[in-house]
Number of protein chains: 2
Amino acid sequence: MQPRRTAIIDAAARLINERGFSHTSVDELIVAAGLSGKSHFYHYFKSKEELGFEVLERQFSRFADRGLAILREPMIEPLDRLSLFIDTIVALQRERDARNGSPFGNLAGELADSHEGFRKRLDEVFRQWAGQLETLLKEAVSQFREGVHPGRLALFIVAALEGGMLLTRVTRDAVVMAGIGEDLKGFVATHLRNRHPERQIAGPFETEGAQ
Amino acid sequence: MQPRRTAIIDAAARLINERGFSHTSVDELIVAAGLSGKSHFYHYFKSKEELGFEVLERQFSRFADRGLAILREPMIEPLDRLSLFIDTIVALQRERDARNGSPFGNLAGELADSHEGFRKRLDEVFRQWAGQLETLLKEAVSQFREGVHPGRLALFIVAALEGGMLLTRVTRDAVVMAGIGEDLKGFVATHLRNRHPERQIAGPFETEGAQ
DNA sequence: GCATAATAGGACCGATCGGTCCTAATTTCA
DNA sequence: TGAAATTAGGACCGATCGGTCCTATTATGC
């Protein structure tokens, strides 16, 4: 992959994340990426749509390398990793001052019904995300009580996080995401064996009862 | 309110819900609403943007009258109402064959960062929604254990539902929403007093542990 | 040293868009 | 019965858009 092309995709990712794919013109992408003009842009990309797909790939690749990497940390207990992962997402929303939501959620919200190609790729992205969460939850299955389905729990976690980022973006209030992060940890904690809500047990998933 | 204007807004709501506000042209809105042409459209609305706001108001008004009305049913126990409310959302996703997501989530995802007017109104909409959930949860507070914050729990429920509708829309799988609905009920059930996950207790919030 | 790639900086195209303005017919209302 | 509202059915406008095509210079690689 040419480093210049990657730099262009990164610059485009930032702008598209901020304004949405349709509300970002090729001219604006050219300026953001420091290209000289249309020829330059179309030298690297067949079309705006192709860039859109590359942006999605790039964002997921970074998310997998950075965000989801926490889930694969062998030196940390599985549920501690999940807690850290949630903390990372909460911290990111705070860093961004509650703006821009989730790159995947944004694209999904904008294009899922009007662009089948994007919808399918986003479907895969979310399934891969949920799949990695499921893998982690399976590692912790001995800590779970009877009847916990890692796959279902994983989907719920993705939904809650995406919904949290959407609400945070609309309300412009990072505290919203912080609260949802805490509650989500509390939710996961309710799946543990021998858990008594009235007893305070130290650990990231033993919060003060979805407070 | 003129009945014809209302009918136009309803037709527009369906199309905008399906394609998104920006991907729906005034010409398409004219056809969908059975208007004769641009003059006709601009007779009723100052601009496309004005129609957009009316659509949002209309959708929230209907949601309040139908969806959220369940939460205010005096003859049903508070938590039973919540369960019914969740069931309604799950059923609606199934009815729509997992398409179109949430009208508010869709608009939020598309316009929250690019149209401050819509973002503000959507912020109010979500706060009103969460506020009504909070009111209901306060009615059930005697059933909750120590340390449950209705406001926070309400926000979490909204986030999980919105996230669930987004995921359902992207995956085109209504089972996704059904699972999230069940898990959400299970989660609310964990806030109850004297609840033992290993004991099966009849009731909408005593599911087989987030199965 | 030369061919190729990258960069430069657009003009221009057809298409689409929101909105204005037009003539005209029909319906409604007082 | 006549004025006003609604309906009819656009043409047209300026703006924006994605993309093609153009001349030209500079940088790179062999």
Side-chain angles (χ1 to χ4, degrees), chain A residues 1-58 106-107 110-111 113-119 121, chain B residues 1-58 106-107 110-111 113-119 121:
Chain A
M1 165 73 85
Q2 305 141 291
R4 185 62 198 272
R5 195 168 193 272
T6 302
I8 297 167
I9 294 167
D10 284 345
R14 284 191 285 279
L15 204 61
I16 289 171
N17 211 37
E18 194 178 297
R19 301 190 189 178
F21 180 76
S22 305
H23 287 116
T24 304
S25 66
V26 172
D27 278 330
E28 287 169 318
L29 291 167
I30 286 164
V31 171
L35 297 169
S36 58
K38 288 287 181 61
S39 279
H40 210 177
F41 178 86
Y42 286 99
H43 170 75
Y44 287 102
F45 304 100
K46 192 171 182 302
S47 65
K48 184 190 180 192
E49 183 187 66
E50 180 184 283
L51 172 65
F53 277 113
E54 297 275 6
V55 160
L56 183 48
E57 294 322 307
R58 178 76 178 138
N106 293 352
L107 284 172
E110 185 191 347
L111 303 168
D113 286 339
S114 56
H115 197 302
E116 184 61 8
F118 275 110
R119 186 196 67 79
R121 188 67 196 108
Chain B
M1 164 72 86
Q2 305 143 293
R4 185 61 199 274
R5 194 170 193 271
T6 302
I8 296 167
I9 294 169
D10 283 344
R14 284 190 286 278
L15 204 61
I16 289 172
N17 211 37
E18 193 179 298
R19 301 194 191 173
F21 181 76
S22 305
H23 286 117
T24 304
S25 66
V26 171
D27 278 329
E28 286 170 320
L29 291 167
I30 286 165
V31 170
L35 297 168
S36 59
K38 288 287 179 64
S39 278
H40 209 177
F41 179 88
Y42 285 100
H43 171 75
Y44 287 100
F45 305 100
K46 190 171 185 302
S47 66
K48 184 189 179 191
E49 182 188 65
E50 179 183 283
L51 173 66
F53 276 113
E54 298 275 6
V55 161
L56 182 48
E57 293 321 308
R58 179 77 178 139
N106 293 352
L107 284 172
E110 185 191 349
L111 303 168
D113 285 340
S114 57
H115 196 303
E116 184 62 9
F118 275 108
R119 186 197 66 80
R121 189 66 197 106

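Chain identifiers are assigned alphabetically (A, B, ...) following the order of the sequence lines, protein sequences preceding nucleic acid strands; residue numbering begins at 1 within each chain. Only a predicted model underlies this, so the values are computations on that prediction, with no experimental measurement involved.
Whole-Å rounding puts the B/H23 NE2 to C/dC17 P distance at 10 Å. A straight line from CZ of A/R5 to P of C/dT7 spans 13 Å, rounded to a whole angstrom. What separates CG of B/L29 from P of C/dG19 is a distance of 11 Å, to the nearest Å. To the nearest angstrom, C1' of C/dG18 lies 20 Å from OH of B/Y44. Between B/F41 atom CZ and C/dG19 atom C1' there is a gap of 10 Å when expressed in whole angstrom units. Distance CZ (A/F45) to P (D/dT20): 15 Å, rounded to an integer number of Å. B/I30 places its CD1 atom 14 Å from the C1' atom of C/dT16, with the value rounded to the nearest Å. Straight-line distance from the CG atom of B/L35 to the P atom of C/dG19: 15 Å, rounded to whole Å.
Considering only the side chain of A/H43, C/dT7 comes nearest among C/dT7, D/dC17, C/dG18. Side-chain proximity of A/S36 to D/dT6, C/dT7, D/dG18: nearest is C/dT7. Of the candidate nucleotides C/dG19, D/dA8, C/dT7, D/dA8 has the atom lying nearest to any side-chain atom of B/H40.
Judged by the 6.0 Å distance and 45° axis criteria, A/K48 is positioned over the aromatic ring of A/F21.
Among the protein residues, B/S22 comes within range of no part of the nucleic acid, since none of its heavy atoms lies under 4.0 Å from any strand.
Side-chain atoms of A/S39 and base atoms of C/dG9 include a donor and an acceptor less than 3.5 Å apart. Judged by distance alone, with hydrogens and angles left aside, B/S47 brings no side-chain donor or acceptor close enough to the base of C/dG18 to form a pair under 3.5 Å. One N or O donor and one acceptor, one from the side chain of B/K38 and one from the base of C/dG19, sit under 3.5 Å apart.
Aromatic ring pairs are classed by plane angle as parallel below 30°, tilted from 30° to 60° and perpendicular above 60°; the pair A/H115 and A/F118 is perpendicular.
Looking at heavy atoms from C-beta onward, A/I9 lies out of side-chain contact with A/Y44 at the 4.5 angstrom threshold. Residues B/L35 and B/R4 meet the side-chain proximity criterion, which asks for heavy atoms closer than 4.5 Å.
Regarding contacts with the backbone of C/dA5, every side-chain N or O of A/R4 stays at 4.0 angstrom or more from both OP1 and OP2.
Without hydrogens or angle criteria, A/H40 side chain to A/S36 main chain gives a donor-acceptor distance under 3.5 Å.
Sequence order on DNA chain D of the closest nucleotides to B/G37 and A/V26 puts B/G37 first from the 5' end.
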